[in-house]
Protein chains: 2
Amino acid sequence: MIDSRLHVLRVVATRGTVTAAARDLSYTPSAVSHQLRGLARDLGVTLLEPDGRGVRLTAAARILLERSDELYARWEEIHAEVAEADPEASGAVRLCGFSTAAAALLPSVAARVRLVHPQSTARIIEADPAECFDLLLAEQADLAVVIAVPGLPSTTDPRFEQESVLDDPLDLLVPADHPLAARSSVLLREAADESWILDRPGSTFHQLTQTACATAGFSPFVAHEAAEWETGAALVDAGLGVSLVPRLARLPGGYRITRVPLRGDPTPARHIRSSIRRGSRRQPLIATALTALGEAARRTTAGGPAAPSYG
Amino acid sequence: MIDSRLHVLRVVATRGTVTAAARDLSYTPSAVSHQLRGLARDLGVTLLEPDGRGVRLTAAARILLERSDELYARWEEIHAEVAEADPEASGAVRLCGFSTAAAALLPSVAARVRLVHPQSTARIIEADPAECFDLLLAEQADLAVVIAVPGLPSTTDPRFEQESVLDDPLDLLVPADHPLAARSSVLLREAADESWILDRPGSTFHQLTQTACATAGFSPFVAHEAAEWETGAALVDAGLGVSLVPRLARLPGGYRITRVPLRGDPTPARHIRSSIRRGSRRQPLIATALTALGEAARRTTAGGPAAPSYG
DNA sequence: GAGATCGTGCAATCATCTTGCATGATCGAT
DNA sequence: ATCGATCATGCAAGATGATTGCACGATCTC
């Protein structure tokens, strides 16, 4: 609704070069260059200046981006008001989230939306947290469920409205015959000397595990890398190490493994947040999805955001 | 910058039918229908409902239009801020106005803009007052100089910012040997029994003359209709009647005619207003043009808006 | 100084929108 | 009630604008 070239400019601003932005947007650098040239012409100002072999945003371009955040938010509010005024508004809501959320939370949200708004459709997109925010901005998704990890937009970012959904506690995954398997709960540092099975470096959960271990005062010895929970479970079953799994992650049966809840202060957990484009809260489909997300979170065995608790 | 389909919807709203809106926009009805269909699809709401053989806007569509006024104004403000941030902003400013303004006021405004902003261009478009507002909304003009006549958007219309520029007093045009020609000023009603030469019915100035005569307490006997000042002057010269001309209108020489200033309370005059899209006041080019317009008004022999005066 | 990376311009290609016409529906007048 | 006029919309063909692929000049790194 608002000129998409503003979004192109925004991506150029965050990525720093036209070429990188083009990659992100699935365009060619030539197309990006052309679009921004046209935008600058329409506005009558210079937006980009050559800077070495890259480009630099002018002051005018930075002001444009800063102010346009508010414009986008205002548009979302208008969209919400308009949708509220139409009793039989149809449309689609697109939910995105990291894998566990996509599996554990979003299906029931989608089902709820379909139930409340029969005219509508709900799509689920599995994506990394950072990618989720890009999807929101590109209007390719309307609601994101992400884990709080460093590098994400802050909760006060004017482009988004974010709120806590759930604290997903972490369990220690050990072989069934492991000394810690009989315990009802353990401190993370009790596993400091174990061999560890982590996700692939660079992944969200790898980072999360490292952070949790660092908080517990040690640095894990990484024996193996497993991208999927299933692989990790198999490796633990084989006695090759221990691992952390979030409570929400459902593990396949058939392995001789045990989940032992972690305790500590605070309890090691993934902080799961919802995020929407600022101003879109009142859109009927999104409002329903947010409510359903909260209910889905409350139904899980994991604790809620305010009072994380377990057994 | 903001989706042009909103403007299409707005024209449909004011004109009442898709076909009429298409005429105004120089589109085919099919194109208008398509655009609004796409807009409704993107928003997920119904915008138009069949109503007889025409269409009716839904409540959602009316809310959309109402709110979008503010969005447009906000965008103009952002545009202004961005342009201010660029010291060498280029661009074009397009000035529109009725014929006399186009001839008497706008050239010096355009010259001033070119002088202050050498990088920029200024275009002048001659258009009727009602048309001027359409040009503003369609972003085909940035500053309009119009006469206050019934049917124009009110001065509080959220889409525009309007202010008085000039009160252009009306003169009575009589043959040089007419009894009133020797007077330094006359009351309009002193010419009540004359034969009158008016502009074509439906034109702005025809309406203005009729209104002035009605205010003076008579209804003029219309002997002839002349669309151009030149034609009117020739008819007066030929002794076929009298006429009203605004002070700003320059008459060609060579006719044996006399302009006699009108007096009265209030002095019969055309109220000339400037109008811009709300929020665009601070755009450098527009700000310069507004200032230059005020100066040009002050330089005229006609009176200013606050203290209309003559001789 | 060589190689790599970057931004931009130009012609060819592709997608999207617009047009023209046909259809179904409604309103007004005879 | 019937005919003609007006209106909105769908579909295929055509036009307009955007994107691509490639080339060039400039810049940075080793």
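To find a chain, count down the sequence lines: A is the first, B the second, and so on, and within it residues start at 1.
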- For B/R74, all residues meeting side chain to side chain contact (heavy atoms under 4.5 Å, CB included), sequence neighbours excluded: A/R67, A/E70, A/L71, B/E77, B/I78, B/E81
- Query: Among residues 9-16 of chain B, which contact DNA chain D at a heavy-atom distance under 4.0 Å?
  - Reply: none
- Query: Residues two or more places apart in sequence or in another chain: which of them pass salt bridge (Lys or Arg N to Asp or Glu O under 4.0 Å) with A/D134?
  - Reply: A/R15
- Message: Show me the pairs that pass salt bridge (Lys or Arg N to Asp or Glu O under 4.0 Å) and involve residues 109-122 of chain A, at least two apart or across chains.
- Response: A/R112-A/E295
- In whole angstrom, give the distance that lies between atom CG of A/L36 and atom C1' of C/dT8. 12 Å
- Query: Got a sec, which residues hit ring-ring contact (aromatic ring centres under 6.0 Å, His included) with B/F205, two or more places apart in sequence or on another chain?
  - Reply: B/W229
- Message: Measuring from atom CG of A/L136 to atom CD of A/Q140, what distance do you get when rounded to the nearest 0.5 angstrom?
- Response: 10.5 Å
- Message: Among B/R278, B/R277, B/R282, B/R281, which residue satisfies the side chain to side chain donor-acceptor pair (under 3.5 Å) criterion with B/E76?
- Response: B/R277
- Note on the structure: Among the nucleotides D/dA8, C/dG9, C/dG7, whichever has the atom closest to the side chain of B/T19 is D/dA8
- Item | Sequence neighbours excluded - ring-ring contact (aromatic ring centres under 6.0 Å, His included) pairs with any residue from residues 126-145 of chain A | A/F133-A/F160
- Message: Listing request: all salt bridge (Lys or Arg N to Asp or Glu O under 4.0 Å) pairs with a residue in residues 43-57 of chain A, at least two apart in sequence or in separate chains.
- Response: A/E49-A/R56, A/D51-A/R56
- Task: Give me the bend of the helix from C/dG1-D/dC30 to C/dT30-D/dA1, using the axes of the five pairs at each end, rounded to 10°.
- Result: 30°
- Residues from residues 39-65 of chain B lying under 4.0 Å of DNA chain C - heavy atoms: B/G52, B/R53
- Message: How long is the straight-line distance from OG of B/S280 back to CD1 of B/I286, given to the nearest 0.5 Å?
- Response: 4.0 Å
Mind listing the N/O atom pairs, protein and nucleotides 16-20 of chain C, below 3.5 Å?
unit_1	atom_1	unit_2	atom_2	d
C/dT18	OP1	B/Q35	NE2	2.5
C/dT18	OP2	B/Q35	NE2	3.2
C/dT19	OP2	B/T28	N	3.0
C/dT19	OP2	B/T28	OG1	3.1
C/dG20	O6	B/S30	OG	2.9

- Message: Suppose we screen for side chain to side chain contact (heavy atoms under 4.5 Å, CB included). Which residues come up paired with B/P201, at least two apart in sequence or across chains?
- Response: B/H206, B/E225
- Got a salt bridge between B/R10 and B/D24, using NZ or NE/NH1/NH2 to carboxylate O under 4.0 Å? no
- Message: Quiz question: by atom type and distance under 3.5 Å, do the side chains of B/T19 and B/T17 form a donor-acceptor pair?
- Response: no
- Which pairs with one or both residues in residues 118-133 of chain B pass side-chain hydrogen bond (donor to acceptor under 3.5 Å, both in side chains), sequence neighbours excluded? none
